[in-house]
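Report on the following structure.
Position 1 is the first residue of the sequence, and the numbers go up from there.
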Amino acid sequence: MELKIGKSDWIFLLLCMVLGIVAEEAFFRAEIGISYLVFIVAFYGIFFFRYRRFSFSHQRFGYLVLICIWLLAVSYFINDNMYFYALNIIVIPVLVLFHLVLVTSQKNIRWNKPAFVTYLFSKLGGAIKYNFVFASLLGKVFKQGVDESKFQVWKKVLIGVLISIPVLMVVLLLLMSADTQFEKMVGGIPQWFQVIDAEVVFRIIVVLFYTFAFFGLMQVLMKKQINVLNQNGNQLTFNMDGVITITVLVLINAVYVLFTIVQFKYFFSGSLQGDFTYAEYARKGFFELLFVTLINLSITVLVLTFVKSTVGFIKRFIQLLLTALVLSSAVLLSSAFMRLSMYEDAYGFTFIRVMAHSFMIFLVVIFMYTLIKIWIEKLSLFHFYFISALLYYTVMNVINVEQIIVNKNIERYEQSGKIDLHYLNSLSHTGILGLMELYEKNPQLPGLKNVLLERKNEANLSNYSWQSYNLKRVQANEELRKLHLE
């Protein structure tokens, strides 16, 4: 790879260094809050400046992904859910990489094909290779005017130092254990180098890493002439036999008919046989039903993808059986939904349980589209699944799930007198706001005053940097400081 670095490239390298400094300030100085939004603004500001004359592709879908990225970054500012906090550290960079490769790719590259994943990794590999070539180019620039023999001597000295470091570490440890005076002298050596700050060195390394990661990737993405992978290629085709498929579907549907009869007997007749309580029965079967539902979805997708050669009666019969499988899945989802609702009535609402409810609603949307796909073959499954999953995840980040948990648990307390104060206290600052709301209504609730007193002391001592600025945290701390605990 031959590089021709012009004036604009050097300017862009400096901008990437600024972006690297922003990234280090945003992610390595304190807990992430508004800093993620600041970084995204800076990142896309430099990206669109660099690509201001570039002809983007896949623009409609690209704007959708971009909006989701910005909303996920905003969620660090408006909410402080610890689960999404951890997940988005991975999800946002992956989406940003996907978005950059998507909008800079050739128009004939289809993002909803498996070949796009290979194309994406080829760009990553190209960025790494670009940085190695750029580093060798910098080396040649610095070598100009330097005697080659002296350069080789210093190079060998550096190699010798690197080789001797492990040996010196072992020898020093042995000698320090053998002589106390020598140990004191060696122990004082770090004071000789107080001018060198390990933290500063680490931060410089982080800035340089981000700088060249951004620089290499964006430089490579500027070049559209990279060979496009053959997306239709000589791929091995796999087809499922129609008769075998019908046999499998008939047997599976027969089991689901029996299960549906049982579900109507238990849940819709108001009776429950055996020694189980509703809560025990709900806990016993919820995850099993959800897992079976996902298996049904997988079977449906496999049949729709790989059964291509059927015609006439066999084709229609397979469509009817798939429709029955989807409707059976609807019964499974309804049963799982009711089981989880009963379990929540008995034990309260948690993040996992509310997310499970929302995921089942998401599966309903997926199954509705799949049912349409069974009869309208030209529709694309992966296209819809990916966009739906992206929108679902983004919405769950923005709507503040913990506020729903707090509201539901307070409603349950008003109806039953039962509430788990320790769980609400374990939530983010939304949970603290909920505890204060509960205290205003019932200040005599056992243990509530002590929890709020501890939280108020923490709020009085808290001192967050600008990177960690979060609306919920600020609101909760202000309310705690104003709270009078009698």
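- A salt bridge does not link Glu25 with Arg203: every distance from a Lys NZ or Arg NE/NH1/NH2 to an Asp or Glu carboxylate oxygen is 4.0 Å or more.
- Screening Tyr119, Phe386, Phe121 for a ring pair (Phe, Tyr, Trp, His ring centres under 6.0 Å) involving Phe98 leaves a single residue, Phe386.
- Between Lys408 and Glu344 there is no salt bridge, since no side-chain N of the basic residue sits under 4.0 Å from a carboxylate O of the acidic one.
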Chi angles and distances behind the ring-ring contact (aromatic ring centres under 6.0 Å, His included) call for Tyr44, His99: CA-CA 11 Å; Tyr44 274 102; His99 174 253; 5.6 Å; yes

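- Taking 4.0 Å as the cut-off between side-chain N and carboxylate O, Glu478 and Arg481 do not count as a salt-bridged pair.
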Report the C-alpha separation of Tyr393 and Phe84 in whole Å, then their side-chain angles, then the decisive distance to 0.1 Å, and conclude whether the ring-ring contact (aromatic ring centres under 6.0 Å, His included) test is met. CA-CA 10 Å; Tyr393 182 79; Phe84 288 131; 5.8 Å; yes

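- For Arg110 and Phe116, the positive end is not near the middle of the six-membered ring at less than 6.0 Å and at most 45° from its axis.
- Here the two rings, on Tyr469 and Tyr464, have centers that are 6.0 Å apart or farther.
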Run the ring-ring contact (aromatic ring centres under 6.0 Å, His included) test on Tyr85 and Tyr76 for me, step by step, so that the C-alpha distance in whole Å, both residues' side-chain angles and the decisive distance to 0.1 Å come before the verdict. CA-CA 7 Å; Tyr85 180 98; Tyr76 276 100; 5.3 Å; yes

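- Ion pair Glu402/Lys472 not flagged as a salt bridge, since none of the NZ, NE, NH1 or NH2 atoms sits closer than 4.0 Å to an Asp/Glu carboxylate oxygen.
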Tyr36 and Phe77: ring-ring contact (aromatic ring centres under 6.0 Å, His included), yes or no, with the steps? CA-CA 8 Å; Tyr36 215 126; Phe77 172 55; over 10 Å; no

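- Between Phe214 and Phe43, a ring centre-to-centre spacing shorter than 6.0 Å is recorded.
- Remark: Arg50 is not positioned above the aromatic ring of Phe47, lacking an NZ or CZ atom under 6.0 angstrom from the ring centre and at most 45 degrees off the axis.
- Here Glu377 does not pair with Lys373 in a salt bridge; the nearest charged N to carboxylate O distance is not below 4.0 Å.
- By the 30° and 60° cut-offs, the orientation of the rings of Phe313 relative to Phe317 is parallel.
- Between Phe215 and Trp10, the ring center distance fails the sub-6.0 Å criterion.
- Note: Phe61 and His383 have tilted aromatic rings, judged against thresholds of 30 and 60 degrees for the angle between ring planes.
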